[in-house]
Amino acid sequence: MPAKKVSTKKASVRDPGPAPIHAAQPRAPAEPPPRRPRAKKTVVILSRKRSLYSTRRLVEAIKQRGERPLVLDTLRCTMVLAPSQPRMLYRGVDIKGVDVVIPRIGASITGYGLAVVHHFEMMGVPVLNSAAAISQSRDKLRALQLLCRAGMDVPRSVMAHDRGNVRTLVREVGGLPIIIKLLRGTQGVGVMIAHSLQEVQTIVNTFWDLGQEVVLQEFVAESKGRDVRALVVGDRVVGAMRRRAKKGEFRSNLHRGGEGTPVDLPDAYTEVAVKAARLLGLEIAGVDMLEGHRGPRLMELNSSPGFEGLEKATKKDIAGGMIDHALRLSERGAPPATARPTL
């Protein structure tokens, strides 16, 4: 049997060549540490009743912006004075970490309310409005003095305590009829119209006998029982309406049955409203103006204006505008908040 041939040919071995060089893969970025949730800002509303329309709307606006509302009854706030360490207690609990305060101080508690607002200011908390500004706006005569000094157009006004010269006082404001106002009235309370000297004498004597101070003011006939309410927040008007008195009434306040309709303010009225609020130092103000022949005539400014009628008339988010301004103010002036309120 022939022998098998053995092949001497080597099996070809495929040369793998140099090892492939792979591009370095980029290292995956490290996972950033989880972001700590932003601490909510605490906005205090000083209000006697949480159920009031304006208070409820402010609370809603604060929550909508992801912040924390805290409604404090002004008369339940306790002020603690110690050297360089003023503190505020509420029902026995320390109030700390407040970012901004919005006072809603009614006329009946002006004295204590101003002290509470002052105390928050002493604690370094931004407040709108300040105690000084609220005080100036509540005193109708002082407000008129400041506005007149700045050249603002206000109805002619006089104040006196001499029962013997009523005829002279009436002449100084342009004659009958005249408006007689309590110095610290609100919502049309303590505002009367007198058509005769006898009426003037009777009204002022009654107020003086009760220990009340009054201002006699020119009756602006062309206003015809209507006025304009502009709500100023910061340096702008966020809403305005024309208020018209009900039949047989000269006061146009909505609380007196007046009717409000939205109005686009001419520039002159907007400028007067904003300037008047600045003159009294008010961050938030309801500015009431009469529509005179020469243009806007300032009546008075309200430091805690209600805005139910204005929101309903204009369909604008007035509460939201107030809260946005309060939050901006807290950014500019609030001290570092290391502790949050414990209530």
Side-chain angles (χ1 to χ4, degrees), residues 41 43-46 53-55 57-62 64-67 69 99-105 117 126-134 136-138 143 146-147 150-154 226-243 252 254 260-292 295-334:
K41 288 184 178 294
V43 182
V44 163
I45 303 169
L46 292 175
Y53 177 89
S54 297
T55 303
R57 284 288 296 118
L58 290 171
V59 168
E60 289 173 8
I62 294 167
Q64 287 170 357
R65 285 150 179 79
E67 312 299 355
D99 292 285
V100 65
V101 173
I102 302 175
R104 304 287 301 174
I105 305 297
V117 175
V127 175
L128 72 173
N129 295 304
S130 70
I134 296 172
Q136 289 183 154
S137 67
R138 286 285 158 85
L146 293 170
L147 296 172
M152 307 292 283
D153 188 358
V154 303
R226 66 185 186 187
D227 66 13
V228 171
R229 160 61 67 91
L231 203 146
V232 175
V233 177
D235 58 358
R236 65 192 186 97
V237 171
V238 297
M241 65 179 173
R242 179 178 287 115
R243 302 182 300 186
S252 58
L254 300 190
T261 54
V263 60
D264 291 325
L265 282 185
D267 289 344
Y269 283 76
T270 299
E271 291 168 7
V272 164
V274 172
K275 182 178 178 180
R278 284 178 180 164
L279 284 170
L280 296 189
L282 294 168
E283 295 285 340
I284 293 175
V287 182
D288 296 337
M289 296 171 283
L290 296 174
E291 297 175 273
R297 306 194 69 186
L298 277 166
M299 276 203 307
E300 60 185 74
L301 281 74
N302 189 327
S303 58
S304 295
F307 50 87
E308 180 177 4
L310 188 59
E311 284 200 328
K312 289 179 178 178
T314 64
K315 311 301 181 189
K316 291 183 178 181
D317 181 13
I318 303 298
M322 289 177 155
I323 297 305
D324 288 340
H325 184 64
L327 294 174
R328 287 193 294 269
L329 191 68
S330 73
E331 292 288 344
R332 297 198 302 264

Engineer: Salt bridge check, E308 against K312: does any charged N sit closer than 4.0 Å to a carboxylate O?
Structural biologist: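 Yes.
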Engineer: If the condition is side-chain contact (heavy atoms from CB on, under 4.5 Å), which residues does P266 pass it with, not counting sequence neighbours?
Structural biologist: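 side-chain contact (heavy atoms from CB on, under 4.5 Å) check on P266 returns Y269.
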Engineer: For E60, which residues count as a salt bridge (Lys or Arg N to Asp or Glu O under 4.0 Å) partner, sequence neighbours excluded?
Structural biologist: R57
Engineer: Would you please name every residue forming a side-chain hydrogen bond (donor to acceptor under 3.5 Å, both in side chains) with R242, sequence neighbours left out?
Structural biologist: E291
Engineer: To check you understand the geometry: which heavy-atom pair defines the closest contact between L301 and A285, and what is its length?
Structural biologist: CD2-CB, 4.4 Å
Engineer: My understanding is that only residues two or more places apart in sequence, or in another chain, count here; which of them pass salt bridge (Lys or Arg N to Asp or Glu O under 4.0 Å) with R65?
Structural biologist: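 R65 satisfies salt bridge (Lys or Arg N to Asp or Glu O under 4.0 Å) with D317, D324 only.
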Engineer: Can you name the side-chain hydrogen bond (donor to acceptor under 3.5 Å, both in side chains) partners of S304, sequence neighbours left out?
Structural biologist: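 side-chain hydrogen bond (donor to acceptor under 3.5 Å, both in side chains) list for S304, sorted by chain: empty.
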Engineer: Between atom NE2 of H325 and atom CD1 of I102, what is the distance when rounded to the nearest 0.5 Å?
Structural biologist: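 Answer rounded to 0.5 Å: 9.5 Å.
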Engineer: Roughly how far apart are L298 CG and M289 CE, rounded to 0.5 Å?
Structural biologist: 7.0 Å
Engineer: Quick one: does P305's side chain get under 4.5 Å of I284's, heavy atoms only?
Structural biologist: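 Yes, close enough: below the 4.5 Å cut-off.
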Engineer: With side chains defined as the heavy atoms from C-beta onward, is the minimum distance between I323 and Q64 less than 4.5 Å?
Structural biologist: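 Heavy-atom side-chain distance check fails, nothing below 4.5 Å.
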Engineer: Under 4.5 Å between any side-chain heavy atoms of T314 and F307, yes or no?
Structural biologist: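 Not touching, per the 4.5 Å side-chain cut-off.
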Engineer: To the nearest 0.5 Å, how far apart are CE in M322 and CG in L231?
Structural biologist: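 It is 4.5 Å, given to the nearest 0.5 Å.
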Engineer: Check whether any side-chain heavy atom of P103 sits under 4.5 Å from a side-chain heavy atom of V127, and report yes or no.
Structural biologist: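 A side-chain contact under 4.5 Å exists here.
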Engineer: Work out which heavy atom in V154 is nearest to a heavy atom in R297; give both atom names and the distance.
Structural biologist: O-NH2, 3.5 Å
Engineer: Is any side-chain heavy atom of R104 closer than 4.5 Å to a side-chain heavy atom of L46?
Structural biologist: no
Engineer: Mind checking side-chain contact (heavy atoms from CB on, under 4.5 Å) for S137 and listing every partner two or more places apart, or none if nothing turns up?
Structural biologist: L280, L282, S303
Engineer: Which residues satisfy the side-chain contact (heavy atoms from CB on, under 4.5 Å) test with A150, sequence neighbours excluded?
Structural biologist: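 Result, side-chain contact (heavy atoms from CB on, under 4.5 Å) vs A150: M152, L279.
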Engineer: For T270, give me all partners under side-chain hydrogen bond (donor to acceptor under 3.5 Å, both in side chains), at least two apart in sequence or on another chain.
Structural biologist: none
Engineer: Could you work out, with salt bridge (Lys or Arg N to Asp or Glu O under 4.0 Å) as the rule, every residue matching E67, not counting sequence neighbours?
Structural biologist: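 Scan of E67 (salt bridge (Lys or Arg N to Asp or Glu O under 4.0 Å), adjacent residues dropped) gives R38.
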